[in-house]
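Notes to accompany the following structure.
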Amino acid sequence: MSAPVRVLVCDDQALIRTGFATIIDAQPDLEVVSECEDGRAAVDLARRLDPDIVVMDVRMPVLDGIEATRLLAGAGVAHPVKVLVVTTFNLDEYVYEALRAGASGFLLKDAPPAQLLHGIRTVAAGAALLAPEVTRQLVGRYAARIRPAEDTPDDIALTPRELEVLRLIADGRSNSEIAATLVISQETVKTYVSRILTKLDLRDRVQAVVYAYRRGLVT
C-alpha cells in the first residue's frame, strides 16, 4: 500500500478548518499533517513538514492565501508545494491571482465533501483542478492578460498529435473526453499529457492551459 497523501489545512475559521480536517482524515489514502489559521503559519509549516498538498483559504490574517501560495508554489521557488485554494469567494480576480501565484486548483467552500476530496487527490497526483463554476472563459481571460508570447505554434517543440492533445486540454477536456475525441485509450492520453508537460517544462494542466492560450493555440 502506498503512503497516504499528506495534507496541510490552512483556514482562519476554526469550524471550517476542523471540518476539512475531519473529512480528509476519514479517508484511508489521505492524512492531515497539521492545521493553521494564517498564511505565514502555512508557509512555515509547509517548509518544515513538506506536505504533498496545502489546502489554502484566501482571506486570512497576517499573510493572505494568495501571497502564501506565491511563496510556496510561485515562479522561482526551489521546491514548490502543490496548493489547492478553497474559498467562499467566486470572484474572477481571486482565481486569476491564485493561478498566477502558482496554485494547481481552485474550489469553492460550498462544494460537497466528495468534490473536496477529489480535488485534493487530483492536485496531489499532479493534475490541475478548477471548480465547475470556474469557467474556461475565465482561464482564457487570465491567459490573455499575459499575452503576447513570442513563440508561435511552429516554434513549439511538440509533435502534431501532442499539439492536438494540448489544444484539447486547453479546451477543458478531461482525459476520457480527449480519448473519445481522438479515438485512443486513456492511457495513451496520459502518456501524451506527461510528454507535453515534460517537453514544455510545465508543472500541471493549469500551466498547460495558460501556455496554450499565450501562444494562440486556442482562442
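The structure displayed is predicted, hence computed values, not measured ones.
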For residues [X] and [Y], report the shortest heavy-atom separation together with the two atoms involved.
X	Y	result
Ser104	Val123	CB-CG1, 3.6 Å
Ile120	Ile53	O-CD1, 3.7 Å
Leu107	Gly119	CD1-CA, 4.3 Å
Ala73	Gly102	CB-O, 3.5 Å
Cys10	Met60	SG-SD, 3.4 Å
Leu182	Arg161	O-NH2, 3.4 Å

Would Lys190 and Glu187 pass as an ion pair if we require N to O under 4.0 Å?
-> yes

Give a yes or no on whether a salt bridge exists between Asp12 and Arg17, defined as a side-chain N under 4.0 angstrom from a carboxylate O.
-> no

N/O donor to acceptor pairs below 3.5 angstrom from side-chain atoms of residues 40-51, sequence neighbours left out:
none

For the [atom1] atom of [X] and the [atom2] atom of [Y], what is their distance to the nearest 0.5 Å?
X	Y	atom1	atom2	value
Glu164	Ile196	CD	CD1	10.5 Å
Tyr211	Leu158	OH	CG	6.5 Å
Phe20	Asp25	CZ	CG	13.5 Å
Ile24	Leu8	CD1	CG	9.5 Å
Arg59	Gln13	CZ	CD	11.0 Å
Thr69	Lys82	OG1	NZ	14.5 Å

Side-chain heavy atoms of [X] within contact of [Y], under 4.5 Å:
X	Y	result
Ile178	Ile169	yes
Val62	Glu67	no
Thr87	Met56	no
Val77	Leu71	no
Val54	Leu72	yes
Val7	Val55	yes

What do the steps show when you test Lys199 against Thr159 for side chain to side chain contact (heavy atoms under 4.5 Å, CB included), and what is the final call?
-> CA-CA 11 Å; Lys199 283 185 176 183; Thr159 66; 4.1 Å; yes

Are the side chain of Thr18 and the backbone N or O of Ala14 linked by a donor-acceptor pair below 3.5 Å?
-> yes

When you look at Tyr192 and Ile184, which way does the side chain to side chain contact (heavy atoms under 4.5 Å, CB included) test go after all the steps?
-> CA-CA 11 Å; Tyr192 278 126; Ile184 56 179; 4.1 Å; yes

Would you say the side chains of Thr191 and Thr188 form a donor-acceptor pair under 3.5 Å?
-> no

Could you pull out every donor-acceptor pair under 3.5 Å between side chains of residues 26-34 and any protein atom, sequence neighbours left out?
{"unit_1": "Gln27", "atom_1": "OE1", "unit_2": "Arg121", "atom_2": "NH2", "d": "3.1"}
{"unit_1": "Asp29", "atom_1": "OD1", "unit_2": "Arg121", "atom_2": "NH2", "d": "2.9"}
{"unit_1": "Asp29", "atom_1": "OD2", "unit_2": "Arg121", "atom_2": "NE", "d": "2.7"}

What do the steps show when you test Val85 against Val58 for side chain to side chain contact (heavy atoms under 4.5 Å, CB included), and what is the final call?
-> CA-CA 7 Å; Val85 171; Val58 171; 3.5 Å; yes

